[in-house]
Amino acid sequence: MRTMADVMGAAESQPRFLAMVLTLFSTLALVLAGFGIYGVISYSVAQRTSEFGIRMALGAGQTRRVQPGG
């Protein structure tokens with residue numbers, strides 16, 4: 001003999017566990033994706049920074065960008 005609360009608890013435990021595992025893995029995936037995007041952007045900025053430093057060392061001045069349409 002078991003109480004109805006025990007029966008319901010046992011029936012809900014597996015879906016709750018699967019939802020918790022899914023949440024954990026999706027959070028981990030989002031964190032890893034965030035670090036990956038940060039790494040790519042950081043690398044890109046580092047490459048451009050050295051490029052601007054070389055251009056300035058060679059005497060390049062600031063350029064004005066022309067806005068499209070005028």
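Residue Leu58 belongs to a hydrophobic cluster whose other members are Ile54, with links defined by side-chain heavy atoms closer than 4.5 Å. Under the 4.5 angstrom side-chain criterion for Ile, Leu, Val, Met, Phe, Trp and Tyr, Phe52 has no cluster partners at all.
A distance of 12.5 Å separates CG of Leu28 from OG1 of Thr23, quoted to the nearest 0.5 Å. To the nearest 0.5 Å, atoms CD (Glu51) and CD (Gln47) are separated by 9.0 Å.
Here salt bridge (Lys or Arg N to Asp or Glu O under 4.0 Å) pairs that include residues 25-47, with residues two or more places apart or in two chains, number zero. Residue pairs meeting the salt bridge (Lys or Arg N to Asp or Glu O under 4.0 Å) criterion with at least one partner in residues 28-45, sequence neighbours excluded, are absent. Residue pairs meeting the salt bridge (Lys or Arg N to Asp or Glu O under 4.0 Å) criterion with at least one partner in residues 26-35, sequence neighbours excluded, do not occur; the list is empty. A salt bridge (Lys or Arg N to Asp or Glu O under 4.0 Å) check over residues 10-25, counting only residues at least two apart or in different chains, returns the pairs Glu12-Arg16.
Scanning for side chain to side chain contact (heavy atoms under 4.5 Å, CB included) contacts around Gln14 gives Leu18, with sequence neighbours left out. Listed by chain and residue number, Ala5, Asp6 satisfy the side chain to side chain contact (heavy atoms under 4.5 Å, CB included) test with Thr3 (two or more places apart in sequence, or in another chain). Under the rule for a side chain to side chain contact (heavy atoms under 4.5 Å, CB included), the partners of Val21 that lie at least two apart in sequence or sit in another chain are Phe17, Phe25. Under the salt bridge (Lys or Arg N to Asp or Glu O under 4.0 Å) criterion, Arg2 pairs with no residue at all, not counting sequence neighbours. Partners of Leu24 under the side chain to side chain contact (heavy atoms under 4.5 Å, CB included) rule, at least two apart in sequence or in another chain, do not exist in this structure.
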Atom pairs and distances, side-chain donor-acceptor, residues 35-43, under 3.5 Å, sequence neighbours left out:
none

